[in-house]
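To keep things clear, I will list the structure first and then write my remarks on it.
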Amino acid sequence: MALQGAAAKHRSIRGPKATRAADPAKPMAIARPLLAWYRRHRRDLPWRMNRDPYRVWVSEIMLQQTQVERVKDFFVRFIDRFPAVESLAAASERQVLRLWEGLGYYRRARQLHAAAKRVVADHAGSFPDTAAALRELPGIGRYTAGAIASIAFGRREPILEANSRRVFARLVGHDRPVGGAADEPLWQVAAAFVPVRDPGLFNQAIMDLGAIICTPTQPQCDRCPLAGLCVARATGRIAEIPAPTPRRAATLVRETAVVIRQGDRVLVERRPAGAWWEGLWDFPLAAADDKVARGDRRLASISYTVTHHRITRRVVVRRVATAPPAGRTKRFVAIAELDRLAMTAPGRRIARLLDANG
DNA sequence: AATTCGGGGTG
DNA sequence: CACCCAGAATT
């Protein structure tokens with residue numbers, strides 16, 4: 001045991017094979033115990049009912065930087081409303097965004113919609129079935145192409161995302177920084193391990209292992225089917241691998257939203273192209289030099305975080321006698337009608353305040 | 001290579 | 001509060 005640990009300590013990914021460490025040259029050494037574990041412990045997820053490429057695709061887009069538990073209900077509602085690529089392609093962007101509201105990264109929804117139209121128009125409604133062709137569609141990058149190609153089409157394609165990055169890094173003892181270009185060695189590890197047989201199940205199994213057993217903190221190595229092959233475990237470096245990536249400090253932002261109200265109607269604006277939450281509705285934000293008018297009533301102050309921006313939004317209500325002009329990007333709508341609009345997260349919080357306060 | 005996209009859950 | 005999450009596109 002001590003011998004094994006000492007030997008593993010000085011082994012690189014392509015090092016000698018003196019011990020039982022994971023060896024990319026023998027993919028089945030990983031796949032066999034992993035798939036056996038997966039058959040018993042895999043998560044029961046709504047997108048795993050079948051291998052319909054459309055469903056796999058929708059789930060993979062929703063899951064980008066979004067946790068499984070959060071996606072479940074959104075996925076079921078979305079599939080219920082748009083059961084096939086044709087119905088999604090035929091929908092309006094407004095409908096798609098409304099179903100996406102609250103899930104975040106709204107560009108995903110617009111790209112999903114655009115890709116659906118392209119699949120219908122250019123591929124007669126059937127998905128491209130190789131990773132390279134899938135990557136031509138908007139919103140599909142290296143990971144998502146590999147996931148769809150392997151899961152829906154049985155292609156031998158690797159994947160690397162948050163779970164598999166951690167699992168593979170620990171498995172081979174990859175103690176260098178990860179993320180971005182630094183992930184390339186781990187892509188090579190993933191490519192070496194993914195088996196010809198059942199690559200889709202293998203990829204899903206790696207992700208489930210990362211989500212259930214090989215967790216970021218306090219992994220349950222005693223229940224891991226790959227524990228005996230894991231270099232990080234053999235060398236006692238589980239807690240240090242993968243190396244944490246430095247984060248940017250948060251920037252503080254202050255802004256003021258003005259609820260322009262006449263009776264039970266309020267003014268909302270659509271976020272312009274290039275702005276955060278492009279295409280979603282929100283209350284107008286006061287310009288930096290726009291003094292809060294006399295008579296404005298302070299309604300609330302809400303804070304929220306967008307990546308590395310910490311934003312405090314003061315909300316004031318300004319009652320007006322005449323309705324401001326409407327247009328494609330400005331609408332004057334009854335508070336009760338705000339439900340039907342796809343709104344930004346802070347905008348929705350304000351809408352709920354208005355609803356609660358009458 | 002670095003930045004920019006959300007939002008909620010967790011310790 | 002810090003960290004995390006089935007990443008992709010843009011610059």
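Just so you know, these numbers use all the heavy atoms, side chains as well, and skip hydrogens, waters and symmetry mates. In the text below, chain A, chain B and the rest are named by the order of the sequence lines, each starting its count at 1.
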Taking atom [atom1] in both [N] and [M], what distance in whole Å separates the two?
N: dT10(C); M: dG7(B); atom1: C1'; value: 22 Å
N: dG11(B); M: dA6(C); atom1: P; value: 15 Å
N: dG8(B); M: dA9(C); atom1: P; value: 24 Å
N: dA8(C); M: dG9(B); atom1: P; value: 24 Å

Donor-acceptor contact below 3.5 Å, side chain Arg265(A) vs main chain Ile335(A): no
Is the Trp100(A) ring parallel, tilted or perpendicular to the Phe78(A) ring (thresholds 30°, 60°)? perpendicular
Kindly assign one of parallel, tilted or perpendicular to the pair Phe75(A) and Trp47(A), based on the angle between their ring planes and the thresholds 30° and 60°. perpendicular
In residues 97-109 of chain A, what residues come within less than 4.0 Å of DNA chain C, judged by heavy atoms? Tyr105(A), Arg107(A)
Counting only non-hydrogen atoms, which of residues 218-226 of chain A are less than 4.0 Å from DNA chain C? none
At 4.0 Å (heavy atoms only), tell me whether Ala181(A) reaches a base, stays on the sugar-phosphate, or touches nothing. sugar-phosphate
For Gln67(A), answer base if it contacts any base atom (sugar-phosphate contacts may also be present), sugar-phosphate if it contacts only those atoms, and nothing otherwise; contact means non-hydrogen atoms under 4.0 Å. base
Chain A vs DNA chain C, heavy-atom contacts under 4.0 Å, first-to-last nucleotide span, 5' to 3', is dC1(C) to dA9(C)
Can you check whether Trp277(A) has a side-chain N or O nearer than 4.0 Å to OP1 or OP2 of dG6(B)? yes
Which residue, Pro346(A) or His308(A), contacts DNA chain B at a nucleotide closer to its 5' end, judged by nearest heavy atom? His308(A)
So, for Phe127(A) and Trp57(A), is the gap between ring centers shorter than 6.0 Å? yes
Check ion pair [X]-[Y] (N to O, under 4.0 angstrom):
X: Asp208(A); Y: Arg42(A); answer: no
X: Arg107(A); Y: Glu278(A); answer: no
X: Glu184(A); Y: Arg142(A); answer: yes
X: Asp282(A); Y: Arg313(A); answer: yes
X: Glu240(A); Y: Arg237(A); answer: no

Walking DNA chain C from its 5' end, the first of Gln111(A) and Leu63(A) to be reached, judged by nearest nucleotide, is Leu63(A)
